[in-house]
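A short worksheet on the structure shown next.
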Number of protein chains: 2
Amino acid sequence: MSINKVAREAGVSIATVSRVINNTGAVRPSTRERVEAAIATLGYSANRLARNLRTAESRLILVLVPDYSNPFYAGIVRGIDAEAGRRGYHMLLCDTGADPDAQRTYLELLTNRMADGAICLDPDSIQALTGEQTRHLPWVACCEFDAASGVPWVGIDNARAATDAVRFLIERGRRHIAMIGGDERFMYARERRRGYLTALEEAGLTPPPGSPLDTFEPDFDDGYRLTTRLLSASPRCDALFAASDPLAVGAMQAVHDAGLKVPDDIAIIGFDNIPLAAMVRPRLTTVAQPMQRLGENAARLLLEQLNDPELPPAGTLLEHELIVRESA
Amino acid sequence: MSINKVAREAGVSIATVSRVINNTGAVRPSTRERVEAAIATLGYSANRLARNLRTAESRLILVLVPDYSNPFYAGIVRGIDAEAGRRGYHMLLCDTGADPDAQRTYLELLTNRMADGAICLDPDSIQALTGEQTRHLPWVACCEFDAASGVPWVGIDNARAATDAVRFLIERGRRHIAMIGGDERFMYARERRRGYLTALEEAGLTPPPGSPLDTFEPDFDDGYRLTTRLLSASPRCDALFAASDPLAVGAMQAVHDAGLKVPDDIAIIGFDNIPLAAMVRPRLTTVAQPMQRLGENAARLLLEQLNDPELPPAGTLLEHELIVRESA
DNA sequence: CGCTTTATTGTAAACGTTTACATTTAACGC
DNA sequence: GCGTTAAATGTAAACGTTTACAATAAAGCG
């Protein structure tokens, strides 16, 4: 009953105190001063739980990421936080580990009214699982989405991005272009694989034997392992498109350990443009995603939807960019 | 008034509904069933804001990081989340950018009662700034701490860790050992520098000219830049201790570009053992911090303190480990 | 079967706000 | 000054829970 104390201290009613806190309604300057003085001497700070209960909003948004030690997600999360912060929202960050049960548990925070809305970076396959229960909840899908699902989304055109990357390799004269990283659970991986095949097809090329190759985790170790396997299956391979940067860096290492040179013998292109890409030698050519802006747009979309629940669900496609460095 | 609807549907009072939700108190199996059925048909989920208001706890913990695109913090955050999750807490993650104002703003979430406690990874110099206002608030300092401040903390012995690393270099016959990364704002950096100097001193060595060298950001670019400068100032330098892994990787690159070889001409040791360290060639020798366990311990400490506010503030020192790879 | 104990349920207050509405006070025009 | 209007303040209900306490029903005992 803390606002009560302030009211007593200032000799006014709690309504007046509330009015000066939120400066809503009219209050005479002299009483405003008195109230502010009381707040200062008592060190009062309005209880947000009570306020939230009364106003039926938490000003918290739930962010679901499959793995936040992945720098790519870190960039997006930063964008979300920046935009949300500007509008007075905070972020409840949850690592689902791409586990549907975890996701369901965390989504309770939404039905619980502990959060006002959610941004989900989980694989679309997972999103689909919880789809029915969450149809009417305010959330947006980021990076992984199904445009047909009726859920607002933001992302890039993964297929086109992959096609662009592979075309670049073709233009530079490469003819035996392999791909690694096709994890079926992730939409981005399926799309990139599709774009890769499109580019080959339009140039009248076929994937070298063993390509495209699926990964389980799109990380350095898998990149190394798969590339080693690939090189022995396709010795003529002269270029490699990887679905993520760590994968590409692992591949670079495998190529090197096989006694070949990047980019002379094998050109390599990665995906995402995380900081790592600029830290290795040769520097990694890669498809950049606008991570910060992806996050910002997701947050903006969500908050607009919260303001006006009748808003039709929108999709936002952001542009990718091929960053040409040394590896291709 | 949603619990009301459930009560009406089940033909009981709201108290009984509350009892079956929290299964506290006695309720006859038959009525429990009836209530559960009502909950199911109505799709009811208890409003956490209301519950939190009533029980005066939010089951949220505030995590303040200076920069969460830094993989080192990601590891710690993951540990915090794991431990907190096990105990039914969630995480309000805030990126302060090491800005005191931002930190102050975020800490309002604590005084607001929107969060029950906080874990702070910000530089100790920042922590000190807000110290007076937060003395009585429940929080623990992680990695950056001042043992004398009376705030519970968890971290490693940075000075000893640095000494160990430099001793290792000395044992391997290096005599002109430089250090980069001494950012005065961070306790970890000051301590590592101190440890570096200790190791040199006990071996009767002196730092090569220009060493130790301060950084502003402990990242790849600074590592490259400073090392380049260092190499021209101290051509006889044969080893380098860097206060972070990205710094060390930048240094490796600078050494390479100067036409020298790692580790033959210059041995390099980094700090933290983030994934990057195993992805570069030569693989980086580095001092590992138990990131996950640091986070877990911080969370545990905080939650224990929340359970029993009278608990004397404790400090927890975890062990570091020198991971010997190829760069030294 | 009546009395005492215990298990089950209900009533109502409390948590700390915001806000519609009522009331009081000040301001204004004449 | 007086009536009218506007500004400032207060009252009380509401948000959706939990929980102390009261009340009722069931059970046990002689």
Side-chain angles (χ1 to χ4, degrees), chain A residues 1-39 42-60 88 90 108-116 306, chain B residues 1-39 42-60 88 90 108-116 306:
Chain A
M1 218 193 266
S2 216
I3 201 181
N4 247 312
K5 282 188 189 159
V6 177
R8 214 167 316 150
E9 170 86 11
V12 297
S13 76
I14 60 170
T16 302
V17 177
S18 176
R19 275 188 276 260
V20 350
I21 292 171
N22 311 319
N23 57 359
T24 159
V27 27
R28 202 173 342 171
S30 64
T31 64
R32 150 160 283 125
E33 271 172 32
R34 239 172 340 131
V35 172
E36 274 163 355
I39 288 176
L42 265 53
Y44 167 75
S45 174
N47 181 321
R48 263 187 66 159
L49 290 173
R51 169 178 300 166
N52 292 342
L53 172 60
R54 175 58 220 242
T55 59
E57 61 170 15
S58 63
R59 298 201 147 255
L60 255 36
H90 289 283
E108 279 179 20
L109 290 168
L110 250 193
T111 56
N112 272 341
R113 319 268 18 204
M114 193 66 202
D116 294 342
L306 290 178
Chain B
M1 219 193 267
S2 217
I3 200 180
N4 247 313
K5 282 187 188 157
V6 177
R8 214 168 314 149
E9 170 86 10
V12 298
S13 76
I14 60 170
T16 301
V17 176
S18 175
R19 275 188 276 259
V20 353
I21 292 170
N22 310 319
N23 57 358
T24 159
V27 26
R28 201 168 350 168
S30 63
T31 63
R32 150 160 283 126
E33 271 172 32
R34 237 168 345 128
V35 172
E36 274 163 356
I39 289 177
L42 266 53
Y44 166 75
S45 175
N47 182 321
R48 264 188 65 159
L49 290 173
R51 169 178 300 168
N52 292 342
L53 172 60
R54 175 58 220 240
T55 60
E57 63 171 12
S58 62
R59 298 203 146 254
L60 254 38
H90 291 282
E108 279 178 20
L109 290 168
L110 250 193
T111 55
N112 272 342
R113 318 269 16 205
M114 194 66 201
D116 294 342
L306 290 178

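Only this structure's heavy atoms are used, side chains among them; waters, hydrogens and symmetry mates stay out. Chain identifiers are assigned alphabetically (A, B, ...) following the order of the sequence lines, protein sequences preceding nucleic acid strands; residue numbering begins at 1 within each chain.
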For a quick test of your reading: what N or O donor-acceptor pairs under 3.5 Å do the side chains of residues 21-29 of chain A make, sequence neighbours left out?
from, atom 1, to, atom 2, distance (Å)
A/N22, OD1, A/R51, NH2, 3.4
A/N22, ND2, A/S18, O, 3.3

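- Contact annotation: B/N4 does not reach the phosphate of D/dG16 (side-chain N/O to OP1 or OP2, under 4.0 Å).
- Atom CG of A/N112 is separated from atom P of D/dT17 by 10 Å (rounded to the nearest Å).
- Annotation: side-chain contact (heavy atoms from CB on, under 4.5 Å) contacts of B/L110 (sequence neighbours excluded): B/L62, B/L107, B/A115, B/A118, B/L137.
- In this structure, CZ of A/R54 is placed 13 Å from P of C/dT17, rounded to the nearest angstrom.
- Summarising the geometry, the separation between CD on A/E57 and P on D/dA14 is reported as 21 Å, rounded to the nearest angstrom.
- Partners of B/E57 by salt bridge (Lys or Arg N to Asp or Glu O under 4.0 Å), not counting sequence neighbours, listed by chain and number: B/R59.
- One interatomic measurement links the two molecules: CZ of A/R59 to P of C/dT17, which rounds to 17 Å at whole-angstrom precision.
- With sequence neighbours excluded, the residues satisfying side-chain contact (heavy atoms from CB on, under 4.5 Å) with B/I14 are B/I3, B/N4, B/A7.
- No donor-acceptor pair under 3.5 Å is formed between the side chain of A/R48 and the backbone N or O of B/N112.
- Residues satisfying the salt bridge (Lys or Arg N to Asp or Glu O under 4.0 Å) criterion with A/R54, sequence neighbours excluded, are absent altogether.
- Of the residues in residues 42-53 of chain A, those with a non-hydrogen atom less than 4.0 angstrom from any atom of DNA chain C are A/Y44, A/S45, A/A46, A/N47, A/A50, A/R51.
- A search for side-chain hydrogen bond (donor to acceptor under 3.5 Å, both in side chains) contacts involving A/D116 returns A/S58, not counting sequence neighbours.
- Side-chain nitrogen and oxygen atoms of A/S18 include at least one within less than 4.0 Å of the OP1 or OP2 phosphate oxygen of C/dT18.
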Hey, what are the protein-to-nucleotides 7-10 of chain D N/O distances that come in under 3.5 Å?
from, atom 1, to, atom 2, distance (Å)
D/dA8, O3', A/R28, NE, 3.4
D/dT9, OP1, A/T31, OG1, 3.3
D/dT9, OP2, A/R28, N, 2.8
D/dT9, OP2, A/T31, OG1, 2.9
D/dG10, OP2, A/S13, N, 2.6
D/dG10, OP2, A/S13, OG, 3.2
D/dG10, OP2, A/T16, OG1, 2.9
D/dG10, N7, A/R19, NH2, 2.8
D/dG10, O6, A/R19, NH1, 3.4

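- A search for salt bridge (Lys or Arg N to Asp or Glu O under 4.0 Å) contacts involving B/E36 returns B/R32, not counting sequence neighbours.
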